[in-house]
Enquirer: 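Following this message is one structure expressed as structure tokens.
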Amino acid sequence: MGPAEVRRLTPEDWEIFRDVRLVALADAPEAFASSLEREQAYDEARWRDWMQPERGVKAIALVEGRVVGVAGGWVPEGRGGAVEVYSMWVDPVARGTGVGALLVEEVVGWAAEQGYHKIELWVVDGNDGAARLYKRLGFEATNESQPHPNDPGLREWLMVRMLGALIQVSRGA
């Protein structure tokens, strides 16, 4: 597999985002607060609305022209101005190659450009690989948790990173 390129999406890229988001939901439904069935029912207007700049940033990772990952960032109400990383997914063929780190750092870079200093994300209990990745990228576990929206028997745990220190991203992270 060749090197990954990360690209921020624009509103005109709504179909790219839709397609990778649906693949991600099919591959790892437990990792998301939504469902494949719900999002398959979205119409073009809904996807286009999701891509508007005021709704945050979405980025994809490409290897040899193929989309192998996606991540988004937005500023949810009630979180004190923290940017939340969401919709994070890496194709199984690209896991362990550094794609996840590149995607997270793209969202972090966007947050810094916008003047934000706190980045949050939620990790589903048992998703140890993701938790290790986020820890390597400077996120720290908190004691804050919430029930998973699709499975109240699962918990999501909050991880936080304050901007300031630069994290070295290396291949294989």
Side-chain angles (χ1 to χ4, degrees), residues 1-76 83-114 116 119-124 127-139 150 159 161 163 166-173:
M1 178 174 287
E5 167 197 352
V6 175
R7 179 168 76 83
R8 291 184 192 175
L9 298 177
T10 68
E12 293 77 34
D13 296 320
W14 71 271
E15 290 173 294
I16 295 169
F17 181 70
R18 177 200 62 199
D19 293 350
V20 70
R21 175 80 177 168
L22 295 177
V23 169
L25 286 165
D27 175 63
E30 69 287 345
F32 298 98
S34 189
S35 71
L36 179 61
E37 296 75 23
R38 180 180 308 139
E39 294 191 20
Q40 282 175 325
Y42 290 176
D43 62 10
E44 180 179 331
R46 176 107 185 227
W47 287 107
R48 285 184 178 277
D49 179 60
W50 204 353
M51 297 302 294
Q52 296 308 306
E54 61 271 15
R55 305 265 324 243
V57 67
K58 284 104 184 142
I60 56 169
L62 299 136
V63 173
E64 299 168 1
R66 178 176 170 226
V67 178
V68 296
V70 64
W74 73 304
V75 183
V83 168
E84 181 180 317
V85 176
Y86 75 101
S87 197
M88 173 68 184
W89 175 80
V90 175
D91 188 307
V93 302
R95 291 179 188 157
T97 66
V99 167
L102 292 172
L103 285 164
V104 171
E105 290 303 319
E106 188 68 25
V107 173
V108 169
W110 173 84
E113 291 165 14
Q114 303 301 311
Y116 295 102
I119 314 293
E120 299 179 337
L121 52 80
W122 295 91
V123 181
V124 176
N127 192 347
D128 298 335
R132 282 192 302 274
L133 167 67
Y134 301 140
K135 186 172 180 159
R136 281 196 309 271
L137 295 176
F139 287 84
N150 295 330
M159 295 184 79
R161 174 175 163 187
L163 295 186
L166 293 175
I167 304 298
Q168 181 68 31
V169 177
S170 62
R171 303 288 301 163

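Keep in mind that the numbers below use all heavy atoms, side chains included, and drop hydrogens, waters and symmetry copies. Start at 1 with the first residue, then count along the sequence.
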Enquirer: Can you tell if the side chain of Arg66 reaches within under 4.5 Å of the side chain of Val93, non-hydrogen atoms only?
Expert: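 The answer is yes, as the side chains (C-beta and beyond) meet within the 4.5 Å cut-off.
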Enquirer: Of all heavy-atom pairs between Val6 and Ala59, which one has the smallest distance, and what is that distance?
Expert: CG1-CB, 4.1 Å
Enquirer: Are Val83 and Trp110 close enough that some pair of their side-chain heavy atoms sits under 4.5 Å apart?
Expert: yes
Enquirer: Which heavy atom of Val99 sits nearest a heavy atom of Ala4, and at what distance?
Expert: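 Reported closest heavy-atom pair: CG2-CB, 3.8 Å.
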Enquirer: If you compare all heavy atoms of Met159 against all heavy atoms of Lys135, which two are closest, and at what distance to 0.1 Å?
Expert: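 Minimum heavy-atom separation between Met159 and Lys135: CE-N, 4.0 Å.
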Enquirer: Before you tell me yes or no, could you show the steps for Trp47 and Glu39 under side-chain contact (heavy atoms from CB on, under 4.5 Å), namely the whole-Å CA-CA distance, both residues' side-chain angles and the distance that decides it to 0.1 Å?
Expert: CA-CA 9 Å; Trp47 287 107; Glu39 294 191 20; 3.5 Å; yes
Enquirer: Would you say the side chain of Leu121 lies within less than 4.5 Å of the side chain of Met88, judging by non-hydrogen atoms?
Expert: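 No, too far: nothing below the 4.5 Å cut-off.
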Enquirer: According to the ring-ring contact (aromatic ring centres under 6.0 Å, His included) rule, which pairs have a member within residues 8-40, sequence neighbours left out?
Expert: Phe17-Trp50
Enquirer: Please step through side-chain contact (heavy atoms from CB on, under 4.5 Å) for the pair Arg38 and Asn150, ending with a clear verdict.
Expert: CA-CA 12 Å; Arg38 180 180 308 139; Asn150 295 330; 4.1 Å; yes
Enquirer: Walk me through it: do Val123 and Phe139 pass the test side-chain contact (heavy atoms from CB on, under 4.5 Å)?
Expert: CA-CA 11 Å; Val123 181; Phe139 287 84; over 6 Å; no
Enquirer: Roughly how far, to the nearest 0.5 Å, is CG of Asp43 from CG of Asp49?
Expert: 10.0 Å
Enquirer: Can you measure from CZ (Arg48) to CD (Glu15) and round to the nearest 0.5 angstrom?
Expert: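 Reported to 0.5 Å precision, the distance equals 7.0 Å.
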Enquirer: Before accepting this row, confirm whether a basic side-chain N of the pair Asp13/Arg7 lies closer than 4.0 Å to the acidic partner's carboxylate O.
Expert: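 Yes, this pair counts.
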Enquirer: How many angstroms lie between atom CE of Met51 and atom CZ of Arg46, to the nearest 0.5 angstrom?
Expert: 14.5 Å
Enquirer: What is the distance from atom CH2 of Trp122 to atom CD of Glu84, rounded to the nearest 0.5 Å?
Expert: 7.5 Å
Enquirer: State, to 0.1 Å, how close Ala31 and Val124 come at their nearest heavy-atom pair, and which atoms those are.
Expert: CA-CG2, 4.1 Å
Enquirer: Can you tell me how far CD of Glu106 sits from CD1 of Ile60, rounded to the nearest 0.5 angstrom?
Expert: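 Going from the CD1 atom of Ile60 to the CD atom of Glu106 covers 11.0 Å.
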Enquirer: With side chains defined as the heavy atoms from C-beta onward, is the minimum distance between Pro29 and Leu36 less than 4.5 Å?
Expert: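 No, too far: nothing below the 4.5 Å cut-off.
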Enquirer: Can you check whether Pro11 reaches Pro53 side chain to side chain, under 4.5 Å on heavy atoms?
Expert: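 The answer is yes; the side chains approach within 4.5 Å.
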Enquirer: Evaluate Glu105 against Val108 for side-chain contact (heavy atoms from CB on, under 4.5 Å), listing each step before the verdict.
Expert: CA-CA 5 Å; Glu105 290 303 319; Val108 169; 4.1 Å; yes
Enquirer: Work out which heavy atom in Asp27 is nearest to a heavy atom in Pro92; give both atom names and the distance.
Expert: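 Smallest heavy-atom distance, with atoms named: OD1-CG, 3.7 Å.
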Enquirer: Identify the heavy atoms of Gly73 and Tyr86 that sit nearest to each other, and give their distance.
Expert: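 Closest approach of Gly73 to Tyr86: N-CE2, 3.5 Å.
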Enquirer: Do Arg21 and Ser34 come within less than 4.5 Å of each other through their side chains, counting heavy atoms only?
Expert: yes
Enquirer: Rounded to the nearest 0.5 Å, what separates atom CD1 in Ile16 from atom NZ in Lys58?
Expert: 13.5 Å
